[in-house]
Amino acid sequence: MKSYPKILSVQDISCVGQCSLTVALPILSACGVETCILPSAVLSNHTAFENFTCHDLTDDIPEISETWQKENIQFDAFYTGYLGSIREIAYVQEIFRKHGTADALTFVDPAMADNGRFYSGFGQSYADAMKPLCFGADVMLPNLTEACLLTDTPYRETYDEDYISDILLKMHESGAKRIILTGIGYTPDTTGVVISDRNQMQYYQHRKLPRSCHGTGDVYASAFVGAYLHGKSAEESARISADFTLKCIENTIDDPSHWYGVKFETALPELIHQFA
Ligand code: PXL
């Protein structure tokens, strides 16, 4: 990977709510990565608010892609998150084929569900359409809910290592190369990340804070991708992004009015320090 890679991030712009592109752009920039964007949709705010508007941008993608082809624009990596529609998933696969350098890396966060439930507007047909995108990626970054939906496994709040190994195995059997499975905790006070390649599995365990915050999946995935493209190993990137996400939650936890996201900006200096 080049020392100054150019990545394309495909996800929505939620104008308010600290998620998707408003999180990915600053975090990837902080990691020293040139970041280009392809907005999948524009929302007034994310869908965890009671009211939201959503303008889907699926139909804009072919013309943008044609223009990039004329300009010979190519990317060293792709990172996708929340996509507005099933049609968009297919377009994204085309974008990977048409606009990647020879060894372009693909990072896919399914960004469709959490805590045992789909985000508003998504259902099993979206999860089914996500499978080829996730299983074809170099790195997929699901949370446990998404991993269950992608493997047709019943979601459980409490589980043991066998349950997690079984889900990982199903994903690898479906083609997944490297899986970064977030939010996995085996005791009440801990949580962590599993880094699973086809032939080895590692676990980074850390403290679990008493409050979970919206948007932390996007913060985690952005920091992982940024650290990885900066040249860190998958294990180091998983640790750096977990510690960063934990700090973001810590910096938000005492402010109940800030329920819609995390104050990730306050922790950016510490993230940058990892690359000093
Ligand atoms: O953080 C995931 C996310 C991204 N984008 C939109 C969302 C959500 C989660 O609810 O609604 C629009």
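Both counts, for ligands and for their atoms, begin at 1 and track the order of listing. Because only heavy atoms are used, hydrogens play no part in the values below, and waters and symmetry mates are left out as well, while side chains stay in.
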*Quick one: do L144 and Y220 end up in the same hydrophobic cluster if we chain Ile, Leu, Val, Met, Phe, Trp and Tyr together by side-chain heavy atoms under 4.5 Å apart?*
no

*Can you name the residues that form a side chain to side chain contact (heavy atoms under 4.5 Å, CB included) with D103, not counting sequence neighbours?*
T101

*Taking the inter-plane angle between the rings of H214 and H46 on a 0 to 90° scale, is it parallel (under 30°), tilted (30 to 60°) or perpendicular (over 60°)?*
parallel

*Once you round to the nearest 0.5 Å, how far does CG of L105 lie from CZ of R178?*
9.5 Å

*Looking at Y126 versus F118, is the centre-to-centre ring distance below 6.0 Å?*
no

*Can you tell me how far OH of Y204 sits from CD1 of I195, rounded to the nearest 0.5 angstrom?*
10.0 Å

*asked:* At less than 4.0 angstrom from any atom of ligand 1, which residues have a non-hydrogen atom? List them by chain and residue number.
replied: D12, S14, C19, S20, L43, H46, T47, Y82, Y119, H214, D218

